[in-house]
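Right, one structure below, let's go through it.
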Amino acid sequence: AVQLVESGGGSVQDGGSLRLSCAASGYTSNSICIGWFRQAPGKEREGVSFIYTGNGNTYYANSVKGRFTISQDNAKNTVYLQMNSLKPEDTAMYYCAADFFATWACRDYGLRTPGGEFHYWGQGTQVTVSS
C-alpha cells in the first residue's frame with residue numbers, strides 16, 4: 001500500500017516561508033497524482049496544489065498561485081511544497097494525499113473537491129502563520 005510521510009510544518013510570521021515534504025513509498029508506478037489539501041478549524045478541506053508525476057504537470061488553487069511551488073524529486077520519491085509570502089489565512093493542517101488518477105483527474109479531484117476520491121493520505125502537519 002502507498003504510504004505518505006509528511007514533514008516541514010511549523011509556525012512563522014506573516015510573510016515568512018516554509019517547505020513541506022511528502023515522502024511516498026509502497027508503489028512502483030512512475031505516474032501518480034500527489035499533492036496537498038489543507039483544513040482550517042471550522043472550514044471544509046480544500047485542495048492546495050498537486051503534481052502529476054508522469055508528466056510533471058502542476059496545479060494550484062487560485063489562493064496560492066504565485067506564492068506556493070510544488071516540485072518532485074523522483075530519486076527520493078518525495079514531493080515538496082515551497083510556501084512563500086505566507087499569510088495568516090494559510091494557517092491550517094496540511095495533508096499530503098495521493099492516488100493513481102489520470103492527469104485531468106489529478107487537477108479536478110485535487111482542486112475541485114474536498115478530496116474524497118483520494119485513497120492515500122499522510123498524517124498531516126500543522127502550519128501556523130501569525131500576523
Side-chain angles (χ1 to χ4, degrees):
V2 176
Q3 292 186 321
L4 305 174
V5 178
E6 301 141 340
S7 60
S11 297
V12 296
Q13 298 272 346
D14 192 353
S17 297
L18 284 171
R19 188 178 79 158
L20 304 183
S21 301
C22 178
S25 61
Y27 64 98
T28 57
S29 173
N30 62 0
S31 297
I32 189 170
C33 171
I34 187 168
W36 302 88
F37 288 89
R38 67 185 180 186
Q39 189 165 23
K43 293 190 176 181
E44 188 178 48
R45 188 168 58 197
E46 62 176 359
V48 177
S49 181
F50 296 85
I51 187 165
Y52 183 72
T53 62
N55 56 19
N57 282 2
T58 58
Y59 310 102
Y60 297 93
N62 288 335
S63 59
V64 306
K65 278 182 184 176
R67 300 188 297 123
F68 291 12
T69 302
I70 193 167
S71 62
Q72 58 179 335
D73 183 333
N74 290 332
K76 296 181 179 179
N77 269 6
T78 299
V79 170
Y80 303 98
L81 185 67
Q82 179 66 43
M83 305 185 295
N84 297 330
S85 301
L86 282 161
K87 305 174 181 180
E89 50 263 45
D90 294 316
T91 295
M93 185 70 79
Y94 284 68
Y95 297 93
C96 182
D99 213 312
F100 299 99
F101 301 136
T103 186
W104 67 265
C106 186
R107 176 198 64 220
D108 287 0
Y109 293 160
L111 299 184
R112 299 176 185 175
T113 78
E117 291 77 8
F118 284 76
H119 286 89
Y120 307 105
W121 291 84
Q123 76 281 6
T125 186
Q126 178 69 37
V127 171
T128 302
V129 185
S130 56
S131 57

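All values derive from a computational prediction rather than experimental measurement.
Going from atom OG1 of Thr125 over to atom CE of Met93 covers 7.5 Å, rounded to the nearest 0.5 Å. Here the CZ-OG distance, from Arg19 to Ser7, works out to 8.5 Å after rounding to the nearest 0.5 Å. Summarising the geometry, atom CG belonging to Leu111 is positioned 9.0 Å from atom OH belonging to Tyr59; distances are rounded to the nearest 0.5 Å. Going from atom CG of Asn55 over to atom OG1 of Thr103 covers 4.5 Å, rounded to the nearest 0.5 Å. With values rounded to the nearest 0.5 angstrom, Cys33 atom SG is found 11.0 Å from Arg107 atom CZ.
Taking the six-membered ring for Trp and the full ring otherwise, the centers of Phe37 and Phe50 sit less than 6.0 Å from each other. Residues Tyr52 and Phe101 place their aromatic rings such that the two centres sit no closer than 6.0 Å.
Heavy atoms from other residues, nucleotides or ligands lying under 6.0 Å from CD of Gln3 number 12 at most.
Of all heavy-atom pairs between Tyr109 and Trp104, the closest is OH-CH2, 4.2 Å. Summarising the geometry of Trp121 relative to Gly115, their closest heavy-atom pair is CZ2-O, 3.2 Å, with the distance given to 0.1 Å. Taking every heavy atom of both residues into account, Ala24 and Leu4 meet most closely at CB-CD2, 3.7 Å. When all heavy atoms of Leu86 and Val12 are compared, the pair lying nearest together is CD1-CG2, 3.7 Å. Summarising the geometry of Pro114 relative to Glu44, their closest heavy-atom pair is CG-OE2, 3.9 Å, with the distance given to 0.1 Å. In this structure, Ser31 and Thr53 approach most closely via the heavy-atom pair CA-OG1, 3.5 Å.
Between Ser71 and Ile51 the shortest side-chain heavy-atom distance does not fall below 4.5 Å. Considering only heavy atoms from C-beta on, Leu20 comes within 4.5 Å of Met83 through its side chain. Proximity of Phe100 to Ser29: side-chain heavy atoms (C-beta onward) are separated by under 4.5 Å at one or more points. Counting only heavy atoms from C-beta outward, the side chains of Cys22 and Ile34 approach each other to under 4.5 Å. Inter-residue side-chain proximity for Tyr27 and Tyr120 is flagged as unmet; no heavy-atom pair is nearer than 4.5 Å.
For residues 83-96, the set of pairs meeting the side-chain hydrogen bond (donor to acceptor under 3.5 Å, both in side chains) definition, not counting sequence neighbours, comprises Ser17-Asn84, Arg38-Asp90, Arg38-Tyr94, Arg67-Asp90, Gln82-Asn84.
The closest donor-acceptor contact from the side chain of Ser49 to the backbone of Tyr60 lies at 3.5 Å or more, if one exists at all. In this structure, the side chain of Asp99 engages the main chain of His119 through a donor-acceptor pair within 3.5 Å. A distance-only check finds a donor-acceptor pair linking the side chain of Glu6 to the backbone of Gly124 [under 3.5 Å].
Follow the hydrophobic side-chain contacts under 4.5 Å out from Ile32 and you never reach Phe118; the two are in separate clusters.
By the side chain to side chain donor-acceptor pair (under 3.5 Å) test, Asn74 pairs with no residue at all, sequence neighbours left out.
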